[in-house]
Amino acid sequence: NRAKSLRIFQKVFILLQQSNIIKVPTELFGGLFVCGSYEEILKSKKHFHFIGIGGSGMFPLVQILHQKGCYITGSDNNKTDTVEYERNVLGIPVHIGHDPANLSGADCVIYTAAISKENPELKAAFHSGALVLERAKMLGLISQGYHNAICISGTHGKTTTSAMITQILLGAGLDPSVIIGGKLPLLQGSGRVGESDLMVCEACEFHDHFLELSSDISVILNIDADHLEYFGTLENIIRSFHRFATQTSRTLIVNGDDENTKKDVTGNIIEITKQIVANEVGGAFGLTGRDRAELYKAQAVAAHSYLVS
């Protein structure tokens, strides 16, 4: 599948870099091809620095890495309630304002898409020798570590639905890891590390960030015209959600009452289900040709896709 292929490519790329066969600046890929897996990062990196640490998308990553015992520092332009919580409750040193000096000692730097490439701290990070990752890349790496990653997407209602699923799973004693875009009182924040292989993750379409995720169970709530400064047209947004659907490894749940969802996702549900079956079964057992065609015929109609009306 995509995650496994990416990990193989990463290892090949690292070997090429180490042997001096190829030299490509880290900033060209935002650290994507030279970072290894999430677990490898946790083992090899000692100091994580967040540029824009007070952002709603950064906070759950901060909480998760903090719970993993990582040493964290950060910077932000604003002294928000989140920054105060990170400072006073989590004990994280947070600098107000961006300055290259804030990076001192960091060997992994995580930044948000909202940070300009001309930001002096980010520019210094790219030249520091540290691993530099955009937030969505780091989230994608984290999701690879779970065999039951539930990723909730949609233009509207992602945070609410993710919070409801989290509340239900915690109430059932299933101990999920969680990354959502809003603060949930039960979590005292927006992220947590569980002991199970179950993960609840809000999957945001902004700049195609949800395509970085390794989703086992994908939910599509609705599709609407948003982030047009990036997508340009509604049709491009629908195509992006279609890609998200086909990258799912096991189960797809979509809102059959949403018109824009029906235009492409539900309209191609058999094709999408074929891809999901291929991701889960064909990839695992190496089925090809006639055997895979028979598998599609048997399972494509409803085995792994659900329209909820």
Asks: Taking Leu103's backbone N and O only, do any of them form a donor-acceptor pair with Glu121's side chain (distance below 3.5 Å, no angle check)?
Replies: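 No, the answer is negative, given that no donor and acceptor are paired below the 3.5 Å cut-off.
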Asks: List the residues meeting side chain to side chain contact (heavy atoms under 4.5 Å, CB included) with Val193, not counting sequence neighbours, and say none if there are none.
Replies: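 If we apply the side chain to side chain contact (heavy atoms under 4.5 Å, CB included) test to Val193, skipping adjacent residues, the hits are Ile64, Gln67, Lys68, Ser177.
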Asks: What's the shortest heavy-atom distance between Ser75 and His98, and which atoms?
Replies: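 Closest approach of Ser75 to His98: OG-ND1, 3.1 Å.
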Asks: Starting from the C-alpha separation in whole Å, work towards a yes-or-no answer on salt bridge (charged side-chain N to carboxylate O under 4.0 Å, His left out) for Glu212 and Arg135.
Replies: CA-CA 10 Å; Glu212 299 290 342; Arg135 173 201 165 271; over 6 Å; no
Asks: Determine whether Tyr85 and Gln188 make a side-chain contact, defined as any pair of heavy atoms from C-beta on separated by less than 4.5 Å.
Replies: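 Touching, per the 4.5 Å side-chain cut-off.
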Asks: With distance as the sole criterion, is a donor-acceptor pair present between the side chains of Thr82 and Lys183 under 3.5 Å?
Replies: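 Indeed, the side chains of Thr82 and Lys183 share at least one donor-acceptor pair under 3.5 Å.
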Asks: Between His207 and Tyr230, what is the ring plane arrangement, given parallel below 30°, perpendicular above 60°, and tilted in between?
Replies: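 Aromatic pair His207/Tyr230 classed parallel.
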Asks: So, do Leu131 and Val109 sit near enough that their side-chain heavy atoms are less than 4.5 Å apart?
Replies: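 Sidechains of Val109 and Leu131: no contact.
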Asks: Within the distance-only criterion (no hydrogens, no angle test), does the side chain of Asp216 pair as donor or acceptor with the backbone N or O of Ala149 below 3.5 angstrom?
Replies: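 Yes, Asp216 side chain to Ala149 backbone: donor-acceptor pair under 3.5 Å.
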Asks: Pick from Thr166, Leu139, Val200: which one makes a side chain to side chain contact (heavy atoms under 4.5 Å, CB included) with Ile179?
Replies: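 Single pass found, and it is Leu139.
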Asks: Only one of Glu202, Gln247, Lys158, Glu205 forms a side chain to side chain contact (heavy atoms under 4.5 Å, CB included) with Phe210, so which one is it?
Replies: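 Exactly one candidate clears the test, Glu205.
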Asks: Once rounded to the nearest 0.5 Å, what's the spacing between atom OG1 of Thr248 and atom CZ of Arg243?
Replies: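 Answer rounded to 0.5 Å: 12.5 Å.
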Asks: Please give me the minimum heavy-atom distance between Cys108 and Ala130, naming the atom from each residue.
Replies: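 What the structure gives for the nearest pair is N-CB, 4.2 Å.
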Asks: If we ignore hydrogens and angles and just use 3.5 Å, is the side chain of Asp107 paired with the main-chain N or O of Lys46 as donor and acceptor?
Replies: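 Between the backbone of Lys46 and the side chain of Asp107 there is a qualifying donor-acceptor contact (under 3.5 Å).
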Asks: Would you give the length of the straight line joining atom CG of Asn236 to atom CG of Leu228, rounded to the nearest 0.5 angstrom?
Replies: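 Here the interatomic distance stands at 9.5 Å.
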Asks: Is the backbone N or O of Ile237 less than 3.5 Å from a side-chain atom of Ser240, with the two atoms forming a donor-acceptor pair by type?
Replies: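 A pair under 3.5 Å: no.
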Asks: I would like to know whether His66 and Glu86 meet side chain to side chain donor-acceptor pair (under 3.5 Å); could you show each step before the answer?
Replies: CA-CA 10 Å; His66 182 266; Glu86 290 166 337; over 6 Å; no
Asks: Evaluate the criterion side chain to side chain donor-acceptor pair (under 3.5 Å) for residue pair Ser116 and Asn119; output intermediate values, then yes/no.
Replies: CA-CA 5 Å; Ser116 167; Asn119 179 287; over 6 Å; no
Asks: So with a 6.0 Å cut-off around CD of Glu195, is the heavy-atom count from everything else above 12?
Replies: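 No, because the 6.0 Å sphere around CD of Glu195 holds 12 heavy atoms or fewer from other groups.
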Asks: What are the two closest non-hydrogen atoms of Arg192 and Leu187, and how far apart are they?
Replies: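 Between these two residues, the closest heavy atoms are CD-CD2, 3.3 Å.
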Asks: Can a donor-acceptor pair be found between the side chains of Ser162 and Thr159 at a distance below 3.5 Å?
Replies: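 Looking only at side-chain atoms, Thr159 and Ser162 do not form any donor-acceptor pair under 3.5 Å.
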Asks: For the NE2 atom on His147, are there more than 12 heavy atoms of other groups (residues, nucleotides or ligands in this structure) within a distance under 6.0 Å?
Replies: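 Not more than 12 within 6.0 Å, no.
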Asks: Quick check on Asp81: does its CG atom have over 12 non-hydrogen neighbours (other residues, nucleotides or ligands) under 6.0 Å away?
Replies: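 For Asp81, atom CG is not crowded (no more than 12 foreign heavy atoms under 6.0 Å).
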Asks: Answer yes if the side chains of Asn148 and Asp197 hold a donor-acceptor pair under 3.5 Å, and no otherwise.
Replies: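 Checked: Asn148/Asp197 side chains pair up, N/O donor to acceptor below 3.5 Å.
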Asks: Check the pair Tyr146, Leu198 against side chain to side chain contact (heavy atoms under 4.5 Å, CB included), reporting the backbone distance first and the verdict last.
Replies: CA-CA 6 Å; Tyr146 294 86; Leu198 187 63; over 6 Å; no
Asks: For the pair Ser143 (side chain) and Ser214 (backbone), establish whether a donor and an acceptor sit closer than 3.5 Å, ignoring hydrogens and angles.
Replies: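 Yes, because the side chain of Ser143 sits within donor-acceptor range (under 3.5 Å) of the backbone of Ser214.
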Asks: Mind running side chain to side chain contact (heavy atoms under 4.5 Å, CB included) on Ile110 and Ile51 for me, showing each step along the way?
Replies: CA-CA 6 Å; Ile110 301 166; Ile51 304 176; over 6 Å; no
Asks: Hey, is the main chain of His49 close enough, under 3.5 Å, to the side chain of Thr73 for a donor-acceptor pair?
Replies: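 Between the backbone of His49 and the side chain of Thr73 there is no qualifying donor-acceptor contact (under 3.5 Å).
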Asks: Backbone N or O of Glu84 within a donor-acceptor pair of the Asn88 side chain at under 3.5 Å?
Replies: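 Side chain of Asn88 to backbone of Glu84: a pair is present.
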Asks: So Arg87 and Asp76, salt bridge (charged side-chain N to carboxylate O under 4.0 Å, His left out) or not? Walk me through it.
Replies: CA-CA 12 Å; Arg87 281 175 161 177; Asp76 205 282; over 6 Å; no
Asks: Identify whether the distance between the nearest side-chain nitrogen and carboxylate oxygen of Asp208 and Arg239 falls below 4.0 Å.
Replies: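 Looking at Arg239 together with Asp208, the answer is no, because their closest N to O distance does not fall below 4.0 Å.
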Asks: Would you confirm whether Asp224, through its side chain, and Thr155, through its main-chain N or O, come within 3.5 Å as a donor-acceptor pair?
Replies: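 Here the side-chain-to-backbone pair does not exist.
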Asks: Heavy atoms, side chains only, cut-off 4.5 Å: are Ile253 and Ile220 in contact?
Replies: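 Counting from C-beta outward, Ile253 and Ile220 never come under 4.5 Å.
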Asks: Return the OG1 to CD1 distance between Thr233 and Ile238, rounded to the nearest 0.5 Å.
Replies: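 These two atoms lie 8.5 Å from each other.
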Asks: Within a strict 4.5 Å, meaning less than it, do heavy atoms of the Phe126 and Tyr111 side chains meet?
Replies: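 With C-beta onward as the side chain, the pair touches.
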Asks: Is there a donor-acceptor pair closer than 3.5 Å between any side-chain N or O of Asn255 and the backbone N or O of Lys262?
Replies: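 A pair under 3.5 Å: no.
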Asks: I need the minimum non-hydrogen distance between Leu213 and Ala203, along with the two atoms involved.
Replies: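 Closest approach of Leu213 to Ala203, heavy atoms only: CD1-CB, 3.5 Å.
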Asks: Answer yes or no: is there an ion pair linking Lys137 with Glu134, defined by an N-O contact shorter than 4.0 Å?
Replies: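 Salt bridge flag = no for Glu134 with Lys137.
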Asks: Using every non-hydrogen atom in the two residues, find where Pro176 and Leu170 come nearest and quote the distance to one decimal.
Replies: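 So the two residues come closest at CD-CD2, 3.5 Å.
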Asks: Where do Phe241 and Gly154 come nearest, in terms of heavy atoms and distance?
Replies: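 Between these two residues, the closest heavy atoms are CE2-N, 3.7 Å.
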